[in-house]
Amino acid sequence: ESDAPGGSSGVVLVEPPPVAAGGAQAASSAANAALAGGGGVAGATPKQRAAQKVVKAAEWTPWKDRIHKNGHRDAVVFVQSYVVQQDSLRPVRCLISVGSDGSVRIFDLNEAGTQPTIRERLTLRPPAIAAPRGSPGGEAPTPAMPVGSGAAGAAALRCQFVTAVACCELPALLEEAPAGDDAAKRRGAPRGDLAALFIGYENGRVVGWDTTDGTHIADFRGHQKAITSLRCRRTSSGSDDPGDAMADMQVVSASTDSTVRVWLLEGLAARSRDRKAPALRGSCLFTLEFGPRNPVADMVLLFGGTRLLTCSWDGAIRFLDLEMRKCASLVQAAPSSLRALCCSSSGSGGESTLRVHVGTEECQIVSFLMSQEGTFEQRCCWKAHAAQVTALRMYKTWLLSASDDRSIRLWIAATGTLLDEFRGHLGAVLCLDVAHADKMVWSGSRDWSVRSWDLREVEHRFREREAMTKMDSESYAEEVAQRLAAKALKKKKKSGKQKKTNAGNGKTGRRR
């Protein structure tokens, strides 16, 4: 161990030997009955297929409501919308959601109806860890204790709970899907892309999964407590070879054990050529320690993945240089612990300053302006909710916040002015995702549901309020001007009358 050059940042760099990771096949249950029943292209008539080909993407209407059919049986900890481009067909808009019990649901948002069509249903449970040589057997996915009622059974189940998720697309070397993979074609898997889902569990383990078939593709072991945040980064190697780009894929994980670890994916090129290849080996490049009893709550990658912005329970925001492996700057954002973090952009567009927002345990949101060098300037702070803030997301110049008080609120990011409030969840809201192209917000909650919120309606109401406010101000200004003009005219008339009176009194005096 060696102290980082970050001064009093409290971040310690630890460079352990590479941690090899093996794995076995994941237990997955893939179901595609909705598409096979006639809603998909394969089960449609020639006339229906021809009609589907000529449908324009502009005719797609976002699905807005609560997903209650084919949903989860536990708290929803992750939601993300994405678009899959298929040949000779319109783009397919999909939504992926992950429950804390390891259940994964992929929905098709293009199909018309009261509920979206489910494309894939998976249950991802971490495989057993191979036992070291000389031991009697392998390690079970859960601790060696009976699963039932009582503290022992609860502890065994908690080991499997999902606490953090990251989804990314890994570039593959395949030009097209295998000829015999009809199931992948029905599911609409993108050609040449390996959709990877990295899941962090409550026991500190991080496992990578292939979302097309639910197979186990990677394993990372090193954290001692629950994972709180996961991010994927791809470092630049200076080569145009896709294999080199894939060799530089890294995963960043934060945990309640007060550490941030950076992992390297090895054998990714071979895995992209052969989907039946063994699971990838994840090795820890280095570890950043944040001090005792200081869990890392959230993090954001900036400037092409070379910088990392973190917030932790000690109330501090740390700006980390992943290339130098040190803490570049630190600012104390709040006296209470921080729980959520977001930025106005990733900094890849060359912005001179970024707007950083953090949510606290004391129901507040604190806003900063951060330069590229990592200097912070606090702009505003306001009480946002009646309970702790759980998630923050940006939409243009607006800020979306979720909380344990079951509400989602929309703010003007620069001033902290409340624009709108969304209510409907029966439990704490745990995750948010903004679909900028569709102008929609997706949210997951402890009530096991996924809900959508239409930002077009909010923008329409905002424009109406702005127009009404402008008309009110113009009307008020015109009324004030009319009153001033009437007052001036009355004063002028009174002054003229007084002059006439004075003139008449002067003439009468001369006559006398």
Side-chain angles (χ1 to χ4, degrees), residues 4 6 9 11 13-15 18 78 80 82 164-172 193-200 206 208 218 220 222-223 227-255 259-266 268-269 272 280 282-288 290 296-312 317-330 341-357 370-374 392-394 433:
S9 62
V11 179
L13 172 64
V14 181
E15 298 187 13
F78 176 80
Q80 182 173 329
Y82 61 97
V165 182
C167 185
C168 66
E169 293 182 359
L170 308 181
D193 288 330
L194 176 63
L197 195 67
F198 296 95
I199 296 181
V206 179
F220 311 92
H223 286 291
I227 306 298
T228 56
S229 182
L230 289 171
R231 296 291 183 269
C232 300
R233 66 188 292 255
R234 184 179 292 111
T235 59
S236 59
S237 59
S239 173
D240 296 333
D241 186 7
D244 295 340
M246 292 191 325
D248 293 335
M249 174 63 67
Q250 297 177 2
V251 176
V252 185
S253 60
S255 171
T259 63
V260 169
R261 290 176 180 263
V262 179
W263 309 86
L264 175 65
L265 293 180
E266 299 176 352
L268 191 56
S272 64
L280 305 179
S283 59
C284 182
L285 295 179
F286 59 92
T287 304
L288 296 172
F290 284 65
V296 183
D298 201 358
M299 58 183 179
V300 176
L301 285 170
L302 299 175
F303 306 115
T306 60
R307 303 293 187 271
L308 184 68
L309 198 64
T310 65
C311 67
S312 53
I317 303 175
R318 290 174 173 83
F319 184 64
L320 306 177
D321 189 340
L322 295 183
E323 293 180 339
M324 301 298 296
R325 303 182 180 181
K326 67 176 185 179
C327 180
S329 63
L330 177 147
L341 171 70
C342 79
C343 294
S344 57
S345 68
S346 62
S348 302
E351 300 90 341
S352 58
T353 58
L354 300 177
R355 190 172 291 275
V356 180
H357 307 278
M370 187 192 73
S371 64
Q372 294 183 353
E373 294 76 19
L392 294 173
R393 291 293 183 272
M394 289 293 299
D433 181 68

* Does the side-chain contact (heavy atoms from CB on, under 4.5 Å) test come out yes or no for T259 and H223, once each step is laid out? -> CA-CA 8 Å; T259 63; H223 286 291; 3.3 Å; yes
* Structure fact -> Note: S345 and L302 closest approach over all heavy atoms is O-CD2, 3.7 Å
* Working to the nearest 0.5 Å, report the span between NE2 of H357 and CG of L392. => 8.0 Å
* Validation row: L322, F286 side chains within 4.5 angstrom (heavy atoms) -> yes
* Asked: CZ of F290 to CG of L320: how many Å apart, nearest 0.5 Å?
  -> 5.0 Å
* Considering all heavy atoms, the nearest L309-C343 contact -> CD2-SG, 3.6 Å
* To do: Let me see the working for C232 and F198 under side-chain contact (heavy atoms from CB on, under 4.5 Å), right down to the final yes or no.
  => CA-CA 9 Å; C232 300; F198 296 95; 3.7 Å; yes
* Asked: Can you check side-chain contact (heavy atoms from CB on, under 4.5 Å) on R307 and D321, steps first, answer last?
  -> CA-CA 5 Å; R307 303 293 187 271; D321 189 340; 3.2 Å; yes
* side-chain contact (heavy atoms from CB on, under 4.5 Å) evaluation trace for L341 with T310 -> CA-CA 8 Å; L341 171 70; T310 65; 5.6 Å; no
* In Å, rounded to the nearest 0.5 Å, how long is the span from CZ of R318 to CE of M299? -> 14.5 Å
* What class does the angle between the rings of F319 and F303 fall in, given that below 30° is parallel, 30 to 60° is tilted and above 60° is perpendicular? -> perpendicular
* Where the side chain of R233 meets the backbone of G305, is there a donor-acceptor pair that is under 3.5 Å apart? -> yes
* Asked: Within the distance-only criterion (no hydrogens, no angle test), does the side chain of S329 pair as donor or acceptor with the backbone N or O of G374 below 3.5 angstrom?
  -> yes
* At what distance, to the nearest 0.5 angstrom, does CG of D298 lie from SG of C311? -> 5.0 Å
* Do side-chain atoms of R261 reach the backbone of G222 as a donor and acceptor pair under 3.5 angstrom? -> yes
* **Between CD on residue Q372 and CG on residue L354, distance to nearest 0.5 Å** => 7.5 Å
